[in-house]
Amino acid sequence: MSRAALLVLSDGRFPAGGHAHSGGAEAAVVAGRIRNADDLAAFCRGRLHTTGLTAAALAAAAAHGHDPLALDEAADARTPSPALRAVARKLGRQLMRAARATWPGEELDAFALARPRGGHQPVVLGLTARSAGLAPEDAAHCAAYETVGGPATAVVRLLSLNPFDATAVLARLAPELDHVAELAAAAARGPIGELPAFSAPLLDIAAEAHAARPVRLFAS
Amino acid sequence: MSVRATARITAVRDARGATTLPVLESDGPLALRRTRAVVPGVARVTVVGAMSAPLGGDRLAVQVRAGQGARLTVDSAAATVALPGPGPEAAAAHYAITLKAEEGAELHWLPEQLISAHGSELHMTTVAELATTARLVLREEQILGRHGETTGTLLSRLTVHRAGRPLLDQQLAYGPAAPGGWDGPAVLGGYRAAGQLLVVDPAFDDRGPDARLLGATAVLTRLAGPAVLVSVLAADARELRAVLDRAAEELAAAARGRAPAAAHG
(Lines give C-alpha, C1' and ligand atoms only; values in the text may rest on other atoms or scores of the structure.)
Protein backbone atom coordinates (compact mmCIF):
# COMPACT_ATOMS: atom_id res chain seq x y z
CA MET A 1 0.00 0.00 0.00
CA SER A 2 0.97 3.59 -0.50
CA ARG A 3 0.53 5.80 2.56
CA ALA A 4 0.77 8.88 0.35
CA ALA A 5 -2.15 7.71 -1.81
CA LEU A 6 -4.26 7.53 1.35
CA LEU A 7 -3.33 11.13 2.16
CA VAL A 8 -4.29 12.28 -1.33
CA LEU A 9 -7.65 10.48 -1.19
CA SER A 10 -8.57 11.64 2.32
CA ASP A 11 -7.48 15.23 1.77
CA GLY A 12 -10.41 17.65 2.02
CA ARG A 13 -9.01 19.33 -1.12
CA PHE A 14 -9.48 16.16 -3.19
CA PRO A 15 -11.94 17.46 -5.81
CA ALA A 16 -14.95 15.27 -5.01
CA GLY A 17 -17.46 17.91 -3.95
CA GLY A 18 -17.66 17.00 -0.27
CA HIS A 19 -17.14 20.62 0.85
CA ALA A 20 -20.73 21.49 -0.14
CA HIS A 21 -22.13 19.06 2.46
CA SER A 22 -22.26 19.30 6.25
CA GLY A 23 -23.22 15.68 6.99
CA GLY A 24 -26.39 16.77 8.75
CA ALA A 25 -24.61 19.33 10.91
CA GLU A 26 -26.38 22.34 9.40
CA ALA A 27 -29.81 20.83 10.12
CA ALA A 28 -28.67 20.11 13.69
CA VAL A 29 -27.43 23.68 14.10
CA VAL A 30 -30.72 25.08 12.75
CA ALA A 31 -32.68 22.84 15.16
CA GLY A 32 -30.54 24.09 18.07
CA ARG A 33 -28.99 20.68 18.70
CA ILE A 34 -25.42 21.85 18.00
CA ARG A 35 -24.52 25.08 19.81
CA ASN A 36 -20.88 24.58 20.85
CA ALA A 37 -17.83 22.33 20.59
CA ASP A 38 -19.23 19.80 23.10
CA ASP A 39 -22.39 19.37 21.04
CA LEU A 40 -20.24 19.00 17.92
CA ALA A 41 -18.25 16.24 19.63
CA ALA A 42 -21.44 14.39 20.63
CA PHE A 43 -22.83 14.80 17.11
CA CYS A 44 -19.65 13.52 15.47
CA ARG A 45 -19.36 10.60 17.90
CA GLY A 46 -22.96 9.55 17.25
CA ARG A 47 -22.58 9.88 13.49
CA LEU A 48 -19.29 7.97 13.52
CA HIS A 49 -20.69 4.94 15.37
CA THR A 50 -23.88 4.78 13.28
CA THR A 51 -23.85 5.85 9.64
CA GLY A 52 -20.05 6.24 9.85
CA LEU A 53 -19.53 2.56 10.62
CA THR A 54 -22.10 1.61 7.99
CA ALA A 55 -20.35 3.72 5.31
CA ALA A 56 -16.90 2.54 6.39
CA ALA A 57 -17.97 -1.08 6.07
CA LEU A 58 -19.42 -0.51 2.58
CA ALA A 59 -16.19 1.22 1.52
CA ALA A 60 -14.03 -1.53 3.00
CA ALA A 61 -16.17 -4.19 1.31
CA ALA A 62 -15.81 -2.48 -2.08
CA ALA A 63 -12.04 -2.20 -1.56
CA HIS A 64 -12.00 -5.86 -0.56
CA GLY A 65 -13.47 -6.80 -3.94
CA HIS A 66 -17.15 -7.51 -3.19
CA ASP A 67 -19.55 -6.91 -6.11
CA PRO A 68 -20.08 -3.12 -6.17
CA LEU A 69 -23.61 -3.46 -7.58
CA ALA A 70 -24.65 -5.69 -4.69
CA LEU A 71 -23.02 -3.21 -2.30
CA ASP A 72 -24.89 -0.36 -3.96
CA GLU A 73 -28.16 -2.23 -3.34
CA ALA A 74 -27.09 -2.86 0.28
CA ALA A 75 -26.40 0.87 0.62
CA ASP A 76 -29.92 1.67 -0.64
CA ALA A 77 -31.42 -0.67 1.97
CA ARG A 78 -29.32 1.09 4.64
CA THR A 79 -30.48 4.57 3.58
CA PRO A 80 -34.23 4.97 4.16
CA SER A 81 -34.14 8.72 3.49
CA PRO A 82 -34.60 9.59 -0.21
CA ALA A 83 -32.81 12.90 0.40
CA LEU A 84 -29.77 11.06 1.74
CA ARG A 85 -29.85 8.50 -1.09
CA ALA A 86 -29.81 11.39 -3.58
CA VAL A 87 -26.89 13.02 -1.77
CA ALA A 88 -24.96 9.74 -1.61
CA ARG A 89 -25.40 9.19 -5.35
CA LYS A 90 -24.51 12.77 -6.24
CA LEU A 91 -21.33 12.59 -4.14
CA GLY A 92 -20.61 9.17 -5.63
CA ARG A 93 -20.86 10.58 -9.14
CA GLN A 94 -18.53 13.48 -8.32
CA LEU A 95 -16.02 11.19 -6.64
CA MET A 96 -16.13 8.82 -9.61
CA ARG A 97 -15.07 11.63 -11.97
CA ALA A 98 -12.12 12.51 -9.76
CA ALA A 99 -11.23 8.86 -9.23
CA ARG A 100 -11.16 7.98 -12.93
CA ALA A 101 -8.82 10.92 -13.53
CA THR A 102 -6.48 10.09 -10.64
CA TRP A 103 -6.41 6.28 -10.39
CA PRO A 104 -8.06 5.00 -13.58
CA GLY A 105 -9.05 1.35 -13.70
CA GLU A 106 -11.42 -1.11 -15.34
CA GLU A 107 -13.45 -1.71 -12.19
CA LEU A 108 -14.14 2.01 -11.82
CA ASP A 109 -15.13 2.21 -15.50
CA ALA A 110 -17.48 -0.77 -15.20
CA PHE A 111 -19.23 0.62 -12.11
CA ALA A 112 -19.52 4.09 -13.69
CA LEU A 113 -21.14 2.48 -16.72
CA ALA A 114 -23.57 0.46 -14.58
CA ARG A 115 -24.51 3.46 -12.41
CA PRO A 116 -24.33 6.46 -14.77
CA ARG A 117 -26.22 8.69 -12.32
CA GLY A 118 -23.84 7.79 -9.55
CA GLY A 119 -23.33 4.89 -7.17
CA HIS A 120 -23.46 5.34 -3.40
CA GLN A 121 -20.43 7.39 -2.36
CA PRO A 122 -18.94 4.86 0.12
CA VAL A 123 -19.00 2.16 -2.58
CA VAL A 124 -17.27 4.48 -5.06
CA LEU A 125 -14.80 5.44 -2.33
CA GLY A 126 -13.94 1.80 -1.70
CA LEU A 127 -13.47 1.13 -5.42
CA THR A 128 -11.28 4.23 -5.67
CA ALA A 129 -9.12 3.03 -2.80
CA ARG A 130 -8.84 -0.36 -4.50
CA SER A 131 -7.81 1.31 -7.75
CA ALA A 132 -5.20 3.34 -5.83
CA GLY A 133 -3.74 0.15 -4.37
CA LEU A 134 -5.04 0.84 -0.88
CA ALA A 135 -6.29 -1.77 1.60
CA PRO A 136 -9.90 -2.19 2.81
CA GLU A 137 -8.97 -0.73 6.19
CA ASP A 138 -7.59 2.38 4.43
CA ALA A 139 -10.92 2.82 2.64
CA ALA A 140 -12.72 2.38 5.96
CA HIS A 141 -10.48 5.02 7.60
CA CYS A 142 -11.23 7.41 4.75
CA ALA A 143 -15.01 6.90 4.97
CA ALA A 144 -15.05 7.09 8.77
CA TYR A 145 -12.98 10.27 8.77
CA GLU A 146 -15.28 11.90 6.21
CA THR A 147 -18.31 11.28 8.43
CA VAL A 148 -16.81 13.49 11.14
CA GLY A 149 -14.52 15.80 9.16
CA GLY A 150 -17.40 17.22 7.09
CA PRO A 151 -19.55 18.23 10.10
CA ALA A 152 -16.55 19.69 11.98
CA THR A 153 -15.55 21.93 9.05
CA ALA A 154 -19.17 22.95 8.45
CA VAL A 155 -19.82 23.90 12.07
CA VAL A 156 -16.79 26.21 12.04
CA ARG A 157 -18.57 28.17 9.30
CA LEU A 158 -22.10 27.83 10.65
CA LEU A 159 -21.41 28.83 14.25
CA SER A 160 -18.14 30.72 13.79
CA LEU A 161 -16.71 28.04 16.05
CA ASN A 162 -13.00 28.36 16.79
CA PRO A 163 -11.26 26.09 14.22
CA PHE A 164 -8.81 24.95 16.91
CA ASP A 165 -11.73 23.66 18.99
CA ALA A 166 -13.27 21.90 15.99
CA THR A 167 -10.00 20.21 15.12
CA ALA A 168 -9.50 19.22 18.77
CA VAL A 169 -12.88 17.42 18.56
CA LEU A 170 -11.56 15.39 15.61
CA ALA A 171 -8.24 14.68 17.31
CA ARG A 172 -9.97 13.35 20.41
CA LEU A 173 -12.10 11.06 18.23
CA ALA A 174 -8.98 9.50 16.62
CA PRO A 175 -8.93 6.32 18.73
CA GLU A 176 -12.64 5.73 18.01
CA LEU A 177 -12.03 6.36 14.30
CA ASP A 178 -9.33 3.69 14.33
CA HIS A 179 -11.70 1.32 16.13
CA VAL A 180 -14.54 1.91 13.67
CA ALA A 181 -12.17 1.37 10.72
CA GLU A 182 -11.01 -1.93 12.26
CA LEU A 183 -14.60 -3.11 12.79
CA ALA A 184 -15.49 -2.13 9.23
CA ALA A 185 -12.48 -3.90 7.72
CA ALA A 186 -13.25 -7.05 9.73
CA ALA A 187 -16.89 -7.00 8.60
CA ALA A 188 -15.80 -6.53 4.98
CA ARG A 189 -14.28 -10.02 5.04
CA GLY A 190 -17.75 -11.48 5.70
CA PRO A 191 -20.88 -11.62 3.52
CA ILE A 192 -22.54 -8.41 2.28
CA GLY A 193 -25.79 -9.17 4.12
CA GLU A 194 -23.99 -9.09 7.45
CA LEU A 195 -22.24 -5.75 6.96
CA PRO A 196 -23.11 -3.24 9.70
CA ALA A 197 -26.32 -1.29 9.07
CA PHE A 198 -26.35 1.20 11.94
CA SER A 199 -28.59 4.18 11.46
CA ALA A 200 -29.31 7.42 13.32
CA PRO A 201 -33.00 8.44 13.51
CA LEU A 202 -32.34 12.16 13.89
CA LEU A 203 -30.02 12.23 10.87
CA ASP A 204 -32.72 10.61 8.73
CA ILE A 205 -35.50 12.87 10.00
CA ALA A 206 -33.45 16.08 9.77
CA ALA A 207 -32.18 15.25 6.27
CA GLU A 208 -35.70 15.44 4.82
CA ALA A 209 -36.40 18.70 6.69
CA HIS A 210 -33.13 20.16 5.42
CA ALA A 211 -33.76 19.14 1.81
CA ALA A 212 -37.11 20.98 1.92
CA ARG A 213 -35.58 24.19 3.32
CA PRO A 214 -35.40 26.99 0.71
CA VAL A 215 -32.39 28.75 2.25
CA ARG A 216 -29.38 26.75 3.37
CA LEU A 217 -25.62 27.03 3.30
CA PHE A 218 -24.88 23.34 2.70
CA ALA A 219 -26.65 20.93 0.34
CA SER A 220 -27.00 18.31 3.12
CA MET B 1 -33.10 -20.23 34.99
CA SER B 2 -33.02 -18.74 31.56
CA VAL B 3 -35.69 -19.72 29.09
CA ARG B 4 -35.55 -20.92 25.50
CA ALA B 5 -38.84 -20.70 23.68
CA THR B 6 -40.02 -20.56 20.09
CA ALA B 7 -43.62 -19.75 19.21
CA ARG B 8 -44.88 -20.51 15.70
CA ILE B 9 -47.78 -19.23 13.65
CA THR B 10 -48.71 -20.36 10.15
CA ALA B 11 -51.64 -18.84 8.32
CA VAL B 12 -53.02 -20.27 5.06
CA ARG B 13 -55.86 -19.35 2.77
CA ASP B 14 -58.44 -22.13 2.46
CA ALA B 15 -60.54 -23.11 -0.58
CA ARG B 16 -63.26 -20.58 0.33
CA GLY B 17 -60.75 -17.75 0.62
CA ALA B 18 -60.78 -17.55 4.39
CA THR B 19 -57.54 -17.56 6.39
CA THR B 20 -57.03 -20.48 8.77
CA LEU B 21 -54.27 -21.21 11.27
CA PRO B 22 -52.95 -24.78 10.88
CA VAL B 23 -50.01 -23.97 13.18
CA LEU B 24 -50.46 -22.03 16.40
CA GLU B 25 -47.77 -23.19 18.80
CA SER B 26 -47.25 -21.43 22.10
CA ASP B 27 -44.01 -22.04 23.98
CA GLY B 28 -42.88 -21.04 27.48
CA PRO B 29 -43.60 -17.39 28.14
CA LEU B 30 -44.91 -16.88 24.60
CA ALA B 31 -48.58 -17.80 24.69
CA LEU B 32 -50.57 -17.38 21.48
CA ARG B 33 -54.33 -16.82 21.35
CA ARG B 34 -56.55 -16.64 18.32
CA THR B 35 -58.50 -13.44 18.90
CA ARG B 36 -61.51 -11.86 17.24
CA ALA B 37 -60.60 -10.27 13.94
CA VAL B 38 -60.99 -6.53 13.67
CA VAL B 39 -61.23 -6.76 9.88
CA PRO B 40 -63.50 -9.50 8.43
CA GLY B 41 -61.59 -12.24 6.60
CA VAL B 42 -58.34 -11.50 8.41
CA ALA B 43 -57.09 -13.98 11.00
CA ARG B 44 -55.81 -12.39 14.18
CA VAL B 45 -53.38 -13.81 16.72
CA THR B 46 -52.46 -12.11 19.98
CA VAL B 47 -49.22 -12.87 21.80
CA VAL B 48 -50.07 -13.03 25.48
CA GLY B 49 -47.06 -12.60 27.76
CA ALA B 50 -47.86 -15.29 30.32
CA MET B 51 -44.71 -14.51 32.29
CA SER B 52 -42.47 -11.53 32.50
CA ALA B 53 -39.94 -11.85 29.70
CA PRO B 54 -37.41 -11.52 28.27
CA LEU B 55 -35.05 -11.76 31.23
CA GLY B 56 -31.29 -11.66 30.79
CA GLY B 57 -30.11 -14.99 29.35
CA ASP B 58 -33.46 -15.85 27.74
CA ARG B 59 -33.62 -16.83 24.07
CA LEU B 60 -37.04 -16.20 22.64
CA ALA B 61 -38.24 -16.51 19.08
CA VAL B 62 -41.47 -15.95 17.21
CA GLN B 63 -41.81 -17.39 13.72
CA VAL B 64 -44.69 -16.24 11.56
CA ARG B 65 -45.58 -17.44 8.08
CA ALA B 66 -48.43 -16.13 5.98
CA GLY B 67 -48.96 -18.54 3.07
CA GLN B 68 -50.16 -17.60 -0.41
CA GLY B 69 -53.05 -15.18 -0.22
CA ALA B 70 -53.43 -15.48 3.56
CA ARG B 71 -54.30 -12.42 5.62
CA LEU B 72 -52.93 -12.36 9.15
CA THR B 73 -52.57 -9.80 11.90
CA VAL B 74 -50.34 -10.55 14.89
CA ASP B 75 -50.45 -8.21 17.87
CA SER B 76 -49.71 -8.49 21.57
CA ALA B 77 -51.72 -8.06 24.74
CA ALA B 78 -49.16 -5.95 26.60
CA ALA B 79 -45.80 -4.27 26.26
CA THR B 80 -42.68 -6.44 26.30
CA VAL B 81 -40.36 -5.44 29.12
CA ALA B 82 -36.69 -6.39 28.81
CA LEU B 83 -35.46 -7.03 32.35
CA PRO B 84 -32.02 -7.81 33.76
CA GLY B 85 -31.30 -11.45 34.48
CA PRO B 86 -30.50 -12.74 37.95
CA GLY B 87 -27.02 -12.02 39.32
CA PRO B 88 -24.46 -9.40 38.40
CA GLU B 89 -23.01 -11.36 35.45
CA ALA B 90 -26.27 -12.18 33.69
CA ALA B 91 -26.04 -12.64 29.94
CA ALA B 92 -27.97 -10.59 27.44
CA ALA B 93 -31.43 -11.73 26.36
CA HIS B 94 -32.07 -12.57 22.71
CA TYR B 95 -35.36 -12.15 20.90
CA ALA B 96 -35.62 -13.21 17.25
CA ILE B 97 -38.65 -12.51 15.11
CA THR B 98 -38.98 -14.03 11.64
CA LEU B 99 -41.79 -13.03 9.33
CA LYS B 100 -42.53 -14.68 6.00
CA ALA B 101 -45.20 -13.52 3.61
CA GLU B 102 -45.76 -15.49 0.42
CA GLU B 103 -47.33 -14.31 -2.87
CA GLY B 104 -50.49 -12.30 -2.35
CA ALA B 105 -50.26 -12.58 1.44
CA GLU B 106 -50.89 -9.69 3.77
CA LEU B 107 -49.13 -9.71 7.12
CA HIS B 108 -49.55 -7.14 9.87
CA TRP B 109 -47.03 -7.36 12.71
CA LEU B 110 -48.23 -4.92 15.35
CA PRO B 111 -46.76 -5.74 18.76
CA GLU B 112 -47.05 -3.41 21.73
CA GLN B 113 -44.00 -1.40 22.85
CA LEU B 114 -40.66 -2.89 23.78
CA ILE B 115 -39.51 -1.33 27.04
CA SER B 116 -35.83 -1.49 27.92
CA ALA B 117 -35.65 -1.55 31.72
CA HIS B 118 -32.64 -0.26 33.64
CA GLY B 119 -29.85 -2.85 33.81
CA SER B 120 -31.25 -5.05 31.04
CA GLU B 121 -29.54 -5.99 27.79
CA LEU B 122 -31.59 -7.22 24.87
CA HIS B 123 -30.45 -8.22 21.39
CA MET B 124 -33.42 -8.17 19.09
CA THR B 125 -33.55 -9.21 15.46
CA THR B 126 -36.48 -8.97 13.10
CA VAL B 127 -36.11 -10.59 9.69
CA ALA B 128 -38.90 -10.33 7.12
CA GLU B 129 -38.88 -12.26 3.83
CA LEU B 130 -41.50 -11.05 1.40
CA ALA B 131 -42.61 -12.41 -1.93
CA THR B 132 -43.00 -9.87 -4.74
CA THR B 133 -46.77 -9.45 -4.32
CA ALA B 134 -46.86 -9.75 -0.51
CA ARG B 135 -47.90 -6.85 1.69
CA LEU B 136 -46.41 -6.11 5.09
CA VAL B 137 -47.35 -3.63 7.79
CA LEU B 138 -44.84 -3.64 10.63
CA ARG B 139 -44.70 -1.42 13.67
CA GLU B 140 -41.94 -1.32 16.24
CA GLU B 141 -41.62 0.95 19.23
CA GLN B 142 -38.73 1.18 21.64
CA ILE B 143 -39.17 2.86 25.02
CA LEU B 144 -35.88 3.57 26.77
CA GLY B 145 -36.43 2.95 30.46
CA ARG B 146 -39.60 2.60 32.52
CA HIS B 147 -40.95 5.77 34.10
CA GLY B 148 -38.21 7.70 35.88
CA GLU B 149 -35.36 5.23 35.30
CA THR B 150 -32.42 5.18 32.91
CA THR B 151 -32.52 2.80 29.99
CA GLY B 152 -31.03 -0.65 29.65
CA THR B 153 -29.08 -1.63 26.56
CA LEU B 154 -31.00 -2.35 23.42
CA LEU B 155 -29.39 -3.64 20.22
CA SER B 156 -31.75 -4.31 17.39
CA ARG B 157 -31.63 -5.08 13.70
CA LEU B 158 -34.51 -5.01 11.25
CA THR B 159 -33.85 -6.67 7.91
CA VAL B 160 -36.46 -6.84 5.16
CA HIS B 161 -35.95 -8.73 1.92
CA ARG B 162 -38.39 -8.53 -0.96
CA ALA B 163 -38.15 -11.11 -3.74
CA GLY B 164 -34.79 -12.11 -2.25
CA ARG B 165 -33.29 -8.60 -2.53
CA PRO B 166 -32.55 -6.27 0.41
CA LEU B 167 -35.21 -3.59 0.91
CA LEU B 168 -34.41 -2.29 4.40
CA ASP B 169 -31.56 -3.05 6.76
CA GLN B 170 -31.34 -1.05 9.92
CA GLN B 171 -29.47 -1.48 13.19
CA LEU B 172 -29.96 0.51 16.37
CA ALA B 173 -27.82 0.54 19.50
CA TYR B 174 -29.03 2.44 22.57
CA GLY B 175 -28.07 2.43 26.23
CA PRO B 176 -25.01 2.07 28.44
CA ALA B 177 -23.37 -0.73 26.42
CA ALA B 178 -23.91 1.02 23.05
CA PRO B 179 -21.06 2.96 21.42
CA GLY B 180 -20.84 6.66 22.32
CA GLY B 181 -23.09 9.35 20.94
CA TRP B 182 -26.35 7.31 20.88
CA ASP B 183 -28.09 9.88 23.07
CA GLY B 184 -26.58 12.88 21.29
CA PRO B 185 -27.66 15.33 18.60
CA ALA B 186 -27.09 12.95 15.66
CA VAL B 187 -29.00 9.95 16.97
CA LEU B 188 -31.68 10.35 19.68
CA GLY B 189 -31.12 13.91 20.94
CA GLY B 190 -32.42 12.98 24.39
CA TYR B 191 -35.71 11.47 23.18
CA ARG B 192 -36.75 8.33 25.05
CA ALA B 193 -39.27 6.83 22.64
CA ALA B 194 -38.38 5.75 19.11
CA GLY B 195 -40.63 4.00 16.65
CA GLN B 196 -41.22 3.05 13.08
CA LEU B 197 -44.02 1.98 10.85
CA LEU B 198 -43.07 0.11 7.70
CA VAL B 199 -45.59 -0.49 4.94
CA VAL B 200 -44.50 -2.62 1.99
CA ASP B 201 -47.07 -2.66 -0.77
CA PRO B 202 -46.43 -3.64 -4.40
CA ALA B 203 -48.83 -0.84 -5.41
CA PHE B 204 -46.23 1.69 -4.19
CA ASP B 205 -44.13 0.64 -7.19
CA ASP B 206 -46.04 3.05 -9.41
CA ARG B 207 -47.13 5.70 -7.02
CA GLY B 208 -46.95 6.14 -3.29
CA PRO B 209 -46.78 8.95 -0.84
CA ASP B 210 -43.74 11.20 -1.26
CA ALA B 211 -41.36 11.91 1.59
CA ARG B 212 -42.66 14.50 4.01
CA LEU B 213 -42.31 15.64 7.60
CA LEU B 214 -45.01 14.56 10.06
CA GLY B 215 -43.70 16.84 12.81
CA ALA B 216 -40.40 18.17 14.14
CA THR B 217 -39.13 14.65 14.88
CA ALA B 218 -41.20 12.50 12.56
CA VAL B 219 -40.79 11.77 8.89
CA LEU B 220 -42.37 9.61 6.22
CA THR B 221 -39.90 8.36 3.61
CA ARG B 222 -40.12 6.26 0.47
CA LEU B 223 -37.59 3.45 0.46
CA ALA B 224 -35.72 2.44 -2.69
CA GLY B 225 -38.52 0.00 -3.45
CA PRO B 226 -42.31 -0.20 -3.06
CA ALA B 227 -42.32 0.69 0.62
CA VAL B 228 -42.83 3.56 3.00
CA LEU B 229 -41.11 3.99 6.34
CA VAL B 230 -42.38 6.33 9.04
CA SER B 231 -39.69 7.16 11.62
CA VAL B 232 -40.61 8.94 14.81
CA LEU B 233 -38.85 10.15 17.96
CA ALA B 234 -40.99 11.27 20.87
CA ALA B 235 -40.79 12.15 24.54
CA ASP B 236 -42.83 9.14 25.64
CA ALA B 237 -44.76 6.07 24.51
CA ARG B 238 -48.13 7.82 24.28
CA GLU B 239 -46.90 10.63 22.08
CA LEU B 240 -45.05 8.13 19.90
CA ARG B 241 -48.13 5.94 19.40
CA ALA B 242 -50.29 8.93 18.54
CA VAL B 243 -47.99 9.92 15.65
CA LEU B 244 -47.66 6.32 14.39
CA ASP B 245 -51.44 5.76 14.56
CA ARG B 246 -52.12 8.89 12.55
CA ALA B 247 -49.59 7.83 9.92
CA ALA B 248 -51.06 4.29 9.81
CA GLU B 249 -54.56 5.66 9.25
CA GLU B 250 -53.39 7.92 6.45
CA LEU B 251 -51.49 5.13 4.72
CA ALA B 252 -54.44 2.74 5.08
CA ALA B 253 -56.77 5.36 3.62
CA ALA B 254 -54.38 5.90 0.73
CA ALA B 255 -54.29 2.13 0.10
CA ARG B 256 -58.12 1.92 0.19
CA GLY B 257 -58.36 4.79 -2.26
CA ARG B 258 -56.11 2.94 -4.67
CA ALA B 259 -57.20 -0.68 -4.40
CA PRO B 260 -60.59 -1.96 -5.61
CA ALA B 261 -62.88 -3.01 -2.76
CA ALA B 262 -62.96 -6.60 -4.05
CA ALA B 263 -59.31 -7.02 -3.12
CA HIS B 264 -60.40 -6.91 0.51
CA GLY B 265 -63.18 -9.51 0.21
Side-chain angles (χ1 to χ4, degrees), chain A residues 23-25 27-29 31-35 38-54 70 72-85 147 151 173 176 179-180 183 192-209 211-212, chain B residues 125 127 142 155-162 164-174 178-191 193-198 208-225 227-234 240 243:
Chain A
V29 166
R33 287 193 285 266
I34 299 180
R35 281 166 298 197
D38 287 345
D39 295 341
L40 173 64
F43 180 90
C44 288
R45 180 168 281 119
R47 189 163 194 252
L48 172 64
H49 291 291
T50 54
T51 56
L53 174 56
T54 303
D72 199 57
E73 193 177 54
D76 261 348
R78 284 160 174 72
T79 318
S81 156
L84 291 181
R85 286 197 300 275
T147 59
L173 278 173
E176 287 172 68
H179 180 60
V180 163
L183 288 176
I192 291 176
E194 286 172 27
L195 292 175
F198 285 97
S199 70
L202 274 178
L203 290 179
D204 286 338
I205 293 167
E208 295 299 328
Chain B
T125 57
V127 176
Q142 291 119 5
L155 306 179
S156 81
R157 185 165 192 159
L158 168 62
T159 307
V160 182
H161 280 88
R162 179 173 174 269
R165 310 308 308 171
L167 176 66
L168 177 65
D169 204 339
Q170 195 176 55
Q171 274 178 291
L172 303 169
Y174 304 143
W182 63 271
D183 198 20
V187 187
L188 286 183
Y191 289 97
Q196 325 207 77
L197 176 74
L198 171 69
D210 285 326
R212 66 191 168 92
L213 291 172
L214 304 175
T217 54
V219 71
L220 180 154
T221 57
R222 282 283 302 273
L223 301 185
V228 165
L229 182 72
V230 175
S231 306
V232 183
L233 293 178
L240 174 65
V243 178

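Per chain, numbering begins at 1; letters A, B, ... match sequence-line order. Side-chain atoms are counted along with the backbone in the values below, which use heavy atoms only and exclude waters and symmetry mates.
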Engineer: Which atoms of B:A194 are under 4.5 Å from chain A, going by heavy atoms: the side chain, the backbone, both sets, or neither?
Structural biologist: neither
Engineer: Name the region of A:R78, side chain, backbone, both or neither, that has any atom closer than 4.5 Å to a heavy atom of chain B.
Structural biologist: both
Engineer: Heavy atoms, side chains only, cut-off 4.5 Å: are A:D204 and B:S231 in contact?
Structural biologist: no
Engineer: Which atoms of A:L195 are under 4.5 Å from chain B, going by heavy atoms: the side chain, the backbone, both sets, or neither?
Structural biologist: backbone
Engineer: Examine whether an atom of B:A218 lies under 4.5 Å from a heavy atom of chain A, and if so say whether it belongs to the side chain, the backbone or both; otherwise answer neither.
Structural biologist: backbone
Engineer: Is B:A178 close to chain A through its backbone or its side chain, or both, or neither, when contacts mean heavy atoms under 4.5 Å?
Structural biologist: neither
Engineer: What heavy-atom pair brings B:L168 and A:P80 nearest, and what distance separates the two atoms?
Structural biologist: CD1-CB, 4.4 Å
Engineer: Under 4.5 Å heavy-atom distance to chain B, tell me which part of A:P196 shows up: side chain, backbone, both or neither.
Structural biologist: both
Engineer: Is the shortest heavy-atom distance from the side chain of A:S199 to the side chain of B:L172 under 4.5 Å?
Structural biologist: yes
Engineer: Determine the minimum heavy-atom distance between A:A197 and B:R157, stating which atoms define it.
Structural biologist: CB-NH2, 3.7 Å
Engineer: Checking B:L229 against chain A: side chain, backbone, both or neither under 4.5 Å from a heavy atom?
Structural biologist: side chain
Engineer: Is chain B contacted by the side chain of A:A212, its backbone, both, or neither, given a heavy-atom distance below 4.5 Å?
Structural biologist: neither
Engineer: Between A:E208 and B:R212, does any NZ, NE, NH1 or NH2 come within less than 4.0 Å of an OD or OE carboxylate oxygen?
Structural biologist: no
Engineer: Which of these, B:L188, B:V187, B:L233, sits in a side chain to side chain contact (heavy atoms under 4.5 Å, CB included) with A:L202?
Structural biologist: B:L233
